[in-house]
Each structure stands twice: as C-alpha cells, then as structure tokens.
Amino acid sequence: MRLRRKGDLICTALLLSALCTLLYIHVAPGADKHDAEGKYVTRRYITMQTLEAVTQTASPSAGSTPENICQDLEKGRIGAATPPALDLLPWSYRQYQWQKDCRDFSQIINQEDKCRKVNGEPLLLVSIKSKAEEFERREVARKTWAQEGRVHGLHVRRLFLLAIPANQSALASWSRLLELESQVYRDILLWDFQDTFFNLTLKEIHFLKWLDRFCPTAEFIFKGDDDVFVNVENIADFLLDADPMEDLFVGHIIDQALPIRSNKSKYFIPEMMYGSGVYPVYAGGGGFLMSGHTARRLYGASKEVDLFPIDDVFLGMCLLRIGLKPQIHKGFRTFGIVRPSAAPHLQTFDPCFYRELMVVHSLKVPEIWLMWSLLHDPHLNCARKESARRAFRWKSKRKASPGAASKTKH
C-alpha cells in the first residue's frame with residue numbers, strides 16, 4: 001500500500017512538472033506565436049548576455065574582422081549567410097548587428113561644384129532624401145518647390161540623396177538612369193550602400209560628411225523627404241534675421257517618445273538595443289532646417305555617436321551630444337495635416353492654408369504639383385477666408401511616438 005501511494009505521488013509530481021513546462025513554453029517571452037502571415041513560428045528569447053556574445057563572435061565568414069566585414073559589404077561579397085545565433089533576431093536586425101560599425105562607403109556620383117557662390121549671396125541648400133525608383137517625385141520637386149534660383153535674398157541650390165537600390169532587379173536600368181539624370185540636372189548624390197530604412201542613418205552621416213568637405217560655406221540647409229511640399233518663400237523669410245554662424249535647428253520637434261517594442265512594427269527597437277528610457281528630443285525626419293554652423297557641429301558629433309537604425313532619433317542623439325535644444329515651429333507638419341474635430345469646416349487642402357506653412361509631409365505627386373500651381377495662381381484671393389482661418393488655432397506642439405514620427409521615412 002505504501003509503495004502504491006509513493007508511486008502515485010511520483011506520477012503526480014511528474015505530471016505537474018510536465019504541465020508547468022508546457023505552460024511556460026506558451027507564455028514565456030519570445031515563445032511560439034503566429035507571425036504576420038498567420039503561420040506558426042517558434043522564437044526563442046534572447047538575453048543581453050546572449051546578444052553581446054553573438055555580436056562579439058559573429059561574422060559573415062570565419063576569421064572575418066570588422067574591417068573585413070565592411071570591405072566585403074561595400075564590394076558586394078556578403079551573401080545571405082548569417083551567423084546561426086543571430087537567427088534569434090528579426091531578419092533586419094540580424095544584418096544590422098554585424099554591419100552596424102560600417103560607416104564609411106564610397107561615393108559613386110558627386111556634385112563638387114554644387115555650393116559654388118553666386119554674386120556672394122547667402123546659400124540655402126535644399127537636400128532631399130530619395131530612392132532611385134522615385135524619379136517622378138524628384139521631377140515634380142524640380143519643377144515646383146525645389147527650383148534652383150534666387151528667393152528673397154537667398155540663392156537656393158538643390159540635391160537629391162540616394163544609395164544603391166535594395167532590389168536592383170525591380171529597376172534593372174537604375175544605374176544608367178541615375179547617370180543620365182545627374183548629367184542633365186547636376187543634383188544627384190549617390191553612395192555605395194543599400195537604400196533601405198535601416199540605412200537612412202548612413203545617408204545622414206554621409207551627407208554631413210559631404211557638407212563638411214564640399215559645401216562648408218553653405219549658410220543654411222533644409223533636409224527633407226521627396227514626398228513633402230515645402231514653401232521655400234516662407235523659409236527664406238524665416239531666415240532673414242538668422243545668423244548662419246550661430247546654432248539653428250528648427251522643425252517639428254518630438255520629445256518624450258518611447259521606443260516601439262512590437263516586432264511587427266517597421267520601427268521596432270528591441271530593449272537590448274535601447275533600454276527603457278525615452279528617446280532624446282529630435283525632429284521629424286520629413287523636413288527640418290539648420291544653419292551651416294550647426295551642420296558642422298553635428299558632423300563632429302556623428303563621428304562620436306554609435307549608429308542607430310532610426311535616422312531622426314540618431315540625429316537627436318547628435319543634438320544631445322552637442323548640447324543643442326532644437327526649436328519647434330508650427331509651420332513644419334511632418335505628420336501631414338489632419339482636419340481636427342474642433343474645426344470640421346476647415347479645408348486642409350486649401351492654398352490659403354498652405355500659404356502660411358513651411359513643410360507639409362505625405363503628399364502624392366499630383367497633390368504637390370496642384371498645390372504649387374494653386375499657390376502661384378495670380379488670381380488667388382485669401383482675404384475672404386481670413387475669418388475662417390482665425391476661427392481655429394492649430395496646436396504648436398504635439399507629442400508622438402517615434403513610430404509615428406518615423407513614418408516620414410521611405
């Protein structure tokens with residue numbers, strides 16, 4: 001009888017242990033779950049210690065050094081092989097972890113004379129992030145708001161910032177296209193790294209380096225995306241009393257933003273990469289304005305700050321490094337324009353409304369062309385709409401998550 005009871009107790013203990021193990025597998029962090037396509041996948045939890053061990057030993061091939069990895073990456077010798085331990089991370093972060101120290105890539109297309117002075121006039125350099133396949137966006141910008149010439153005492157020059165297409169087969173003639181485009185317009189900068197979301201930070205630091213070497217005399221720099229509408233006249237008016245030899249950094253400023261922890265998000269940042277704190281204050285990447293003096297200081301800081309996969313947050317880290325608090329301006333609408341419930345009568349796609357703004361993000365090519373045409377219509381009369389505009393005031397400051405802010409990316 002005692003043996004039977006003892007056996008029953010052992011069996012019960014074993015069953016309870018098995019049940020606890022199954023429950024732990026289902027509820028533990030990184031346990032089995034469905035992916036975005038509904039397939040059942042297994043993901044193991046990775047600790048900070050595991051990540052450190054992986055990043056210290058992982059390499060695309062045996063015996064590789066960080067210098068060799070960067071050389072192989074630039075020469076296209078790195079294939080799909082990834083260290084097995086890094087399979088614990090989402091695919092983009094597998095690559096990012098063993099490529100994150102590669103920050104010096106060669107330039108394929110340059111415009112060395114872009115910042116040549118004209119009659120000694122102050123220079124406003126308009127720099128626009130774009131991709132090889134977005135020719136229509138570049139073309140509408142050239143024909144509308146990003147035209148080169150003289151605007152309210154400033155000489156405006158234009159540049160598009162590009163890298164190698166991530167999917168070259170989708171645009172087989174991309175190299176020839178950019179070569180001819182550069183010959184015609186003289187406004188293309190092309191670097192030899194992949195044009196992906198995580199490489200926008202590379203585009204940031206290479207542009208700052210280019211400014212320091214080829215455009216050190218630029219008084220002011222606007223930097224934005226290729227799907228924005230910019231009122232360059234308003235920017236020029238804003239800069240009338242600005243000193244290019246002093247710090248200036250203005251845009252749609254975001255503070256108290258938290259990292260996105262959902263791995264289904266494009267802006268996912270695991271805790272092992274950035275802890276539980278908030279991001280430093282930064283500007284929405286859709287468009288911001290800075291002085292040449294500030295650009296040179298940011299270039300120095302960019303060499304001292306570790307690369308971070310969200311470019312506008314990285315620039316916020318550089319601003320923190322130089323101790324500069326960016327200036328908020330309600331004319332920068334890098335989240336686009338949404339009609340508020342408090343003013344249902346307000347027509348947001350109205351040239352009289354856009355006339356008072358500086359930057360509006362997330363416009364389609366026809367919308368950019370249309371708004372430019374409406375704003376420059378000699379018969380435009382906004383006097384009768386003055387009372388409607390005064391009936392509602394837009395808030396000048398808005399907190400948002402970095403995910404929302406980073407939707408200004410490609």
Side-chain angles (χ1 to χ4, degrees), residues 111 113-128 138-160 185-187 211 215-226 228-253 283-284 286-296 326-334 337 350-361 363 367-383 385-386 389 394 396:
Q111 309 297 335
D113 298 327
K114 176 56 69 172
C115 293
R116 179 172 50 86
K117 288 284 186 177
V118 178
N119 299 325
E121 292 178 333
L123 176 65
L124 170 61
L125 181 65
V126 173
S127 52
I128 307 164
R138 294 192 293 277
E139 194 67 1
V140 76
R142 291 181 180 115
K143 298 297 190 293
T144 58
W145 63 268
Q147 295 182 43
E148 295 188 324
R150 194 173 185 273
V151 179
H152 297 188
L154 290 175
H155 192 75
V156 178
R157 306 303 295 269
R158 175 190 64 241
L159 281 173
F160 291 97
Y185 294 107
R186 301 292 179 183
D187 61 2
L211 279 175
C215 196
T217 59
E219 279 78 7
F220 303 103
I221 299 99
F222 170 82
K223 188 166 181 288
D225 290 347
D226 60 3
V228 298
F229 178 84
V230 182
N231 196 326
V232 178
E233 289 86 353
N234 285 356
I235 288 180
D237 287 342
F238 174 80
L239 293 173
L240 284 176
D241 298 324
D243 186 346
M245 298 308 297
E246 294 183 355
D247 275 321
L248 173 70
F249 193 98
V250 60
H252 185 166
I253 307 306
F288 56 84
L289 182 66
M290 59 182 168
S291 66
H293 174 70
T294 298
R296 289 186 290 275
Q327 177 183 349
I328 192 168
H329 193 291
K330 63 181 180 180
F332 287 76
R333 301 298 176 86
T334 57
I337 299 176
D350 184 332
C352 294
F353 181 68
Y354 274 60
R355 192 179 64 170
E356 300 179 356
L357 301 178
M358 289 190 178
V359 179
V360 181
H361 188 250
L363 269 67
E367 292 175 330
I368 294 174
W369 180 86
L370 176 60
M371 183 51 63
W372 170 264
S373 301
L374 292 174
L375 272 175
H376 291 81
D377 183 354
H379 302 294
L380 179 64
N381 183 4
C382 297
K385 300 181 180 180
E386 188 67 27
R389 289 203 306 277
W394 293 85
S396 61

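Only this structure's heavy atoms are used, side chains among them; waters, hydrogens and symmetry mates stay out.
How far NE2 of H361 is from CZ of R333: 14.5 Å, rounded to the nearest 0.5 Å. Expressed to the nearest 0.5 Å, how far CE of M290 lies from CG of L211 amounts to 6.0 Å. Interatomic distance, E367 CD to Y354 OH, rounded to the nearest 0.5 Å: 7.0 Å. Within the model, atoms CG of D247 and NE2 of H293 stand 4.0 Å from one another, a figure rounded to the nearest 0.5 Å. Going from atom CG of L357 over to atom CG of L375 covers 9.5 Å, rounded to the nearest 0.5 Å. The line from NZ of K114 to CG of L125 is 8.0 Å long, rounded to the nearest 0.5 Å.
A donor-acceptor pair is defined here as one N or O able to donate and one able to accept, closer than 3.5 Å; such a pair exists between the side chain of S127 and the backbone of F222. Judged by distance alone, with hydrogens and angles left aside, the side-chain atoms of S291 form a donor-acceptor pair with the main-chain N or O of E246 at under 3.5 Å. Although no hydrogens or angles enter the test, the distance criterion places no donor-acceptor pair under 3.5 Å between the side chain of T144 and the main chain of W369. The main-chain N or O of R355 is found under 3.5 Å from a side-chain atom of N234 such that the two form a donor-acceptor pair. Of the possible donor and acceptor atoms, one in the side chain of D350 sits under 3.5 Å from a partner among the backbone N and O of C352. The closest donor-acceptor contact from the side chain of E148 to the backbone of R157 lies at 3.5 Å or more, if one exists at all. Not a single donor-acceptor pair under 3.5 Å links the side chain of E356 to the backbone N or O of F353. With W145 contributing its side chain and I368 its backbone, the two residues share no donor-acceptor pair below 3.5 Å.
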TODO: I would like to know whether V156 and V232 meet side-chain contact (heavy atoms from CB on, under 4.5 Å); could you show each step before the answer?
DONE: CA-CA 9 Å; V156 178; V232 178; 4.1 Å; yes
Task: Derivation and outcome, side-chain contact (heavy atoms from CB on, under 4.5 Å), residues H376 and E233 - done: CA-CA 11 Å; H376 291 81; E233 289 86 353; 3.6 Å; yes
Open item on the list: Could you go through L123 and K117, starting from their C-alpha distance and side-chain angles, then the distance that decides it, and tell me whether this counts as side-chain contact (heavy atoms from CB on, under 4.5 Å)?
Closed with: CA-CA 7 Å; L123 176 65; K117 288 284 186 177; 4.0 Å; yes
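Closest approach of L124 to L239, counting heavy atoms only: CD1-CD1, 4.3 Å. Here the closest non-hydrogen pair linking Q147 and W372 is NE2-CZ2, 3.5 Å. Across all their heavy atoms, A236 and H152 have their closest contact at CB-CB, 3.8 Å. Residue A146 comes nearest to I128 through the heavy atom pair CB-CD1, 4.1 Å, listed as atom of the first residue, atom of the second, then distance. Among all heavy-atom pairs drawn from I253 and A283, the shortest one is CD1-CB, 3.8 Å. Taking all atoms of both residues into account, the shortest heavy-atom contact from G153 to P122 is O-CD, 3.5 Å.
In this structure, the ring of F288 has its center no less than 6.0 angstrom from the ring center of F332.
Between H329 and F238, the two ring planes are perpendicular [angle over 60°; tilted spans 30° to 60°].
The pair D187-R142 meets the salt-bridge criterion, since a charged nitrogen lies less than 4.0 angstrom from a carboxylate oxygen.
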